[in-house]
Amino acid sequence: MKLIESIKEFGGFLNRYTHYSVISQCEMTFSVYLPPQAKTQSVPALYWLSGLTCTDDNVRTKAGAQRYAAELGLALIMPDTSPRGDKVPDEPERYDLGQGAGFYVNATQAPWDENYQMYDYVIRELPELLEANLPLIAGKKSISGHSMGGHGALVCALKNPGAYQSVSAFSPICHPIECAWGQGCFTAYLGEDQMTWQAYDAVSLIEAGASVSDILIDQGTDDEFLTGGQLLPETLQTACQNAGIPLQLRHQEGYDHSYHFIASFIGEHMAYHAKALR
């Protein structure tokens with residue numbers, strides 16, 4: 001880990017690091033907010049997975065989460081959304097495939113399979129790196145995210161029982177095998193066999209028996225991607241009802257898909273995770 005930026009905020013520090021990822025076979029960048037409590041004691045961590053086109057910079061500059069992390073004593077971990085670099089495959093003419101659109105899967109298809117291993121990066125390599133180099137980040141962790149990152153948060157929690165104390169999302173892509181974003185990326189990254197896609201689809205995982213203790217989701221009613229059929233929260237609601245998983249699906253009147261929406265409710269999500277991590 002190489003520290004490339006450190007900014008004091010709310011008594012703690014917003015740090016930015018680079019490191020060589022063995023899993024992704026490229027240099028990766030991520031940010032960590034260490035609350036003031038981390039000076040003297042170990043603190044639990046909340047992992048935030050960002051959405052299409054984003055880097056770690058979006059959430060750390062737009063969500064306002066650091067204020068709440070400082071108050072609640074949470075470390076905030078903010079990885080990138082995909083591998084990057086001149087040698088990493090990309091589709092520059094598309095925002096929804098390639099760099100910025102890793103979709104938190106382990107790609108199996110060329111040319112993506114060499115670098116696009118974002119699922120293993122999030123659940124294994126990055127936590128191991130942080131816990132080895134920042135020992136005051138305790139082993140307890142929760143996970144959240146936005147849009148494509150909300151999809152990633154749900155999938156990571158459902159596929160790893162007990163690894164995360166809680167899971168939440170803003171405007172998640174709930175059923176990617178049934179929406180254009182998911183179908184495009186899954187075909188490229190995972191191939192034509194749609195049975196393999198189910199391993200990275202929250203609704204399919206729940207229908208197959210995966211479970212978590214509960215889920216919190218906020219969804220804006222004026223979200224253009226909600227009416228465009230990309231998010232499909234009603235399919236997740238039905239799956240959770242059938243499986244007996246408590247789901248708080250809160251429809252927030254008049255809010256869109258942007259970080260203005262996230263910033264309006266991020267404090268409530270942080271408190272939700274802090275309660276579970278305690």
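For reference, positions follow the sequence shown, starting with 1.
- For E5, the salt bridge (Lys or Arg N to Asp or Glu O under 4.0 Å) partners two or more places apart in sequence, or in a different chain, are R60.
- Residues M270 and L49 do not share a hydrophobic cluster, clusters being chains of Ile/Leu/Val/Met/Phe/Trp/Tyr side chains in contact below 4.5 Å.
- Side-chain atoms of Q183 come within 3.5 Å of backbone N or O of I177 as a donor-acceptor pair.
- Linking ILVMFWY side-chain heavy atoms closer than 4.5 Å, directly or via other members, places I245 and L232 in two distinct hydrophobic clusters.
- Partners of D223 under the salt bridge (Lys or Arg N to Asp or Glu O under 4.0 Å) rule, at least two apart in sequence or in another chain, do not exist in this structure.
- Contact between S147 and G51 at its shortest, heavy atoms only, is CB-CA, 4.5 Å.
- For residues 265-278, the salt bridge (Lys or Arg N to Asp or Glu O under 4.0 Å) pairs, not counting sequence neighbours, are R250-E268.
- A ring-ring contact (aromatic ring centres under 6.0 Å, His included) with F170 is found for one member of Y259, F261, F225 and no other, namely F261.
- Remark: the backbone N or O of G254 is paired with a side-chain donor or acceptor of T221 at under 3.5 angstrom.
- Clustering ILVMFWY residues whenever any of their side-chain heavy atoms sit less than 4.5 angstrom apart, transitively, puts Y47 in a cluster other than the one holding Y272.
- Residues forming a side chain to side chain donor-acceptor pair (under 3.5 Å) with D90 (at least two apart in sequence, or on another chain): none.
- L14 is not connected to M1 by any chain of hydrophobic side-chain contacts under 4.5 Å among Ile, Leu, Val, Met, Phe, Trp and Tyr, and they are in different clusters.
- Side chain of Q37 to backbone of A70: a donor-acceptor contact under 3.5 angstrom is found.
- Judged by distance alone, with hydrogens and angles left aside, the side-chain atoms of N106 form a donor-acceptor pair with the main-chain N or O of D120 at under 3.5 Å.
- Here the two rings, on Y33 and F10, have centers that are 6.0 Å apart or farther.
- In terms of modelled atom types and a separation under 3.5 Å, the side chain of N58 and the main chain of T55 share a donor-acceptor contact.
- V59 and Y104 sit in two unconnected hydrophobic clusters of ILVMFWY residues. Membership requires side-chain heavy atoms under 4.5 Å apart, directly or through other members.
- Residue H273 comes nearest to S144 through the heavy atom pair NE2-CB, 3.8 Å, listed as atom of the first residue, atom of the second, then distance.
- Within the 3.5 Å criterion, the main-chain N or O of C54 finds a donor-acceptor partner in the side chain of T81.
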Problem - Worked verdict on H19 versus F30 for ring-ring contact (aromatic ring centres under 6.0 Å, His included) - result: CA-CA 9 Å; H19 76 109; F30 64 91; 5.7 Å; yes
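- Formation of a donor-acceptor pair under 3.5 Å by the W197 side chain with backbone atoms of G191 is found in this model.
- A cation-pi arrangement is found for K159 relative to Y200, the charged atom lying closer than 6.0 Å to the ring centre and inside a 45° cone about the ring normal.
- Take D113 and apply the salt bridge (Lys or Arg N to Asp or Glu O under 4.0 Å) test, not counting sequence neighbours, and it matches no residue.
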Handout entry: Working for ring-ring contact (aromatic ring centres under 6.0 Å, His included), residues F186 and F103
Key = CA-CA 9 Å; F186 284 5; F103 240 89; 5.6 Å; yes
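- For S50, the side chain to side chain donor-acceptor pair (under 3.5 Å) test picks out W48, with sequence neighbours left out.
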